[in-house]
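Here is the structure we will look at.
Just so it is clear, the model here is predicted, and its values are computed rather than measured. To find a chain, count down the sequence lines: A is the first, B the second, and so on, and within it residues start at 1.
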Amino acid sequence: MLGEAWRAMGANRMRTILTMLGMVIGVGAVVLMMSIGQGAQYAIKQTISAMGSNLFILLSGSTSAGGVRSGHGGGYTLTISDADAIAELPGVQAAAPIHPGSAQVVYGPNNWNTSVIGSTPAYLDARAWPVVSGSAFTASDVRSATRVALIGQTTAQNLFGDEDPVGKTLRIRQSPFTVLGVLALKGQGMDGRDQDDSIIIPITTAQRNVFGTQFPGSVRMVMVQTTTQEVMPEAELSMTALLRQRHRIREGQDSDFSLRNLTAVADSAAESTRVMSLLLGAIASVSLLVGGIGIMNIMLVSVTERTREIGIRMAIGARERDILLQFLLEAIIISVVGCFIGLLLGIGGALLTHTLTGTMVIISGSSVLVAFSVAATVGIFFGYYPARKAARLDPIEALRYQ
Amino acid sequence: MTNTAVIRIEGLSKSYQTSAGLFPALNDVNLTIMPGEFVAVMGPSGSGKSTFMNILGCLDAPTVGSYALDGRPVASLDRDELALLRNRTIGFVFQGFNLLQRMSLRDNVALPLIYSGIELAERQKRADEMLAKVGLSDKADSLPNQISGGQQQRVAIARALINKPRLLLADEPTGNLDSRTGEEIMALFDALNSEGITIVLVTHEADIARHAQRQVHFHDGRIISDELTREIAA
Ligand SMILES: Nc1ncnc2c1ncn2[C@@H]1O[C@H](COP(=O)(O)OP(=O)(O)OP(=O)(O)O)[C@@H](O)[C@H]1O
Ligand SMILES: [Mg+2]
């Protein structure tokens, strides 16, 4: 039976190949799109979990100075003690004031420009960013503004190479800092920047010794982490109330700070990625459908062309199911072989996309399985009607067909 | 031999729908053929011989009348049962050969065996034996369009015989053969008939018809004569 189908397909090689091409393109597109979509979803999940969970970012609001209003985070309306007060609120796990910046860092003959973040130990908790060797600095380091630093892996690599950085002294803008510990690998952030290219120092040290500030003790942003996602709305209300009270803002007046739910932002980013990859899959599936219709079309032509052959086969004893099987088998072979080639092309395309653009792709067994079963189903579904048409022919009518 | 007729036809008519209205190709035909008979069907072109053979071969159905094969009314059989009859009981040689052009002669001859569920090796062995019987062993791998009309005719006969049918229906099996090859084929038919196979054969040629024990003449869709021409061999 298989040999029969093979021969029939070989007799019309060009047509068989073109029909197959429909399947090849359909399956290839589905596999490619699914692996890109899944890769994107995976990448965003990684980023989100690297960011930390249940996070708010509190930005100091605009200040008016002589009619000139600065934007969000423009003024320094938040203070380190605001952060301490927020940390005491129910449902709040950690509140870390942040003073970000960038600086030239020197160790021995090496120097490197990196992002320097002044904060408190709470920052490491909020970001879920452990120290992998050495130790973190403490609240007392913050209080006494000691010159200690935690360095990210990229920075460590660039400054120290294979040397162990812990206990070494580096210079940030000329000030000597002792490296207390090395941070865990974090990867790319939401903005696409390498988060491991950074140094974390006590916020007090950052303000006094590295960047200097007109408003010591004031910051542009505070990162707040709640205990669970459920308490986030409640925490948002209590934080707002607390800060308005601390900043003596009267009823009806605008707050001088703004609060952003980072987790919600991340979730919506993840959701839009998911929708995007679904959409890609759906569009690709349409080409699979078109491929299936192509098979049906060719099979119908083939049945008509071979009407006489069907009549002869029936005349010597072929039953309906023999004829049905023969044509169905042809359709299934076309779609499964097409699917297999499409699979290879799709995987190849995904790998090529990865090497050319660096986009993350995931070729999962499930997407391969889905593509394969869809192809087999398409073959059966679109092959069935023509095959049944062939099987139902009347022997003598078919024999007389010219 | 049993007393049940292989073929019992009563009051059979067949009309074709044409643009000019219904055309009666067969008209009130009655015929009984007993096991082991060798019947020649004769008559002018257009007298309904092929139409009659198609009905005997369970390829076509009569408009009116009844046809019983081995005592079973064919009208009561479903498509699968008819297919089984065509596969096992009846061997049919078409007027126009009806070989599959894309297949080798061996595969053409072996084709009915596929539908009997016989293994490939066995199919090929039997096909080669059959081809040898009709004198075409050396052409087993040729395609039908690479051989002559007479050779195609012999392949068609080999195919009809491969499943050892009890009833052989042949529509002008020697029409494309020279008289010598025709005689060879007829010798084959005689041998089959002496093995007990019932044969109904359409022919124009009196020489060929002489091999049969009985001659049935058609004219305008009716049987006009039905005579024994030779004693049934023991
Ligand atoms: N499918 C058909 N539709 C309409 N008329 C048909 C059809 N088949 C045969 N006929 C007509 O029925 C009559 C009998 O045809 P049939 O083929 O049985 O003749 P035949 O005796 O076999 O002739 P020949 O010796 O030429 O083969 C003819 O007049 C033919 O035109
Ligand atoms: Mg005829």
Region of R159(B) that comes under 4.5 Å of a non-hydrogen atom in chain A: side chain
N-O pairing of R222(B) and D28(B) below 4.0 Å: no
Specify which of R88(B), M103(B), R79(B), Q101(B) makes the most heavy-atom pairs with chain A at under 4.5 Å. R79(B)
Quick one: which of D394(A), I312(A), I310(A) gives a side-chain contact (heavy atoms from CB on, under 4.5 Å) with L399(A)? I312(A)
Is R308(A) paired with E397(A) through a side-chain N to carboxylate O contact shorter than 4.0 Å? no
Cut-off 4.5 Å, heavy atoms of chain B, and the answer for A391(A) is backbone
So, the side chain of D171(B) versus the backbone of F94(B): is there a donor-acceptor pair under 3.5 Å, distance only? no
Taking N54(B), N98(B), L111(B) one by one, which has the highest count of heavy-atom pairs under 4.5 Å against chain A? N98(B)
Give a yes or no on whether a salt bridge exists between E309(A) and R102(B), defined as a side-chain N under 4.0 angstrom from a carboxylate O. yes
Contacting region of R313(A) [heavy-atom separation from chain B under 4.5 Å]: both
Please classify the contact of L99(B) with chain A as side chain, backbone, both or neither, using a heavy-atom distance under 4.5 Å. backbone
Interchain contact, D107(B) with chain A, by part (heavy-atom threshold 4.5 Å): side chain
Basic-acidic side-chain contact under 4.0 Å: K186(A), D194(A): no
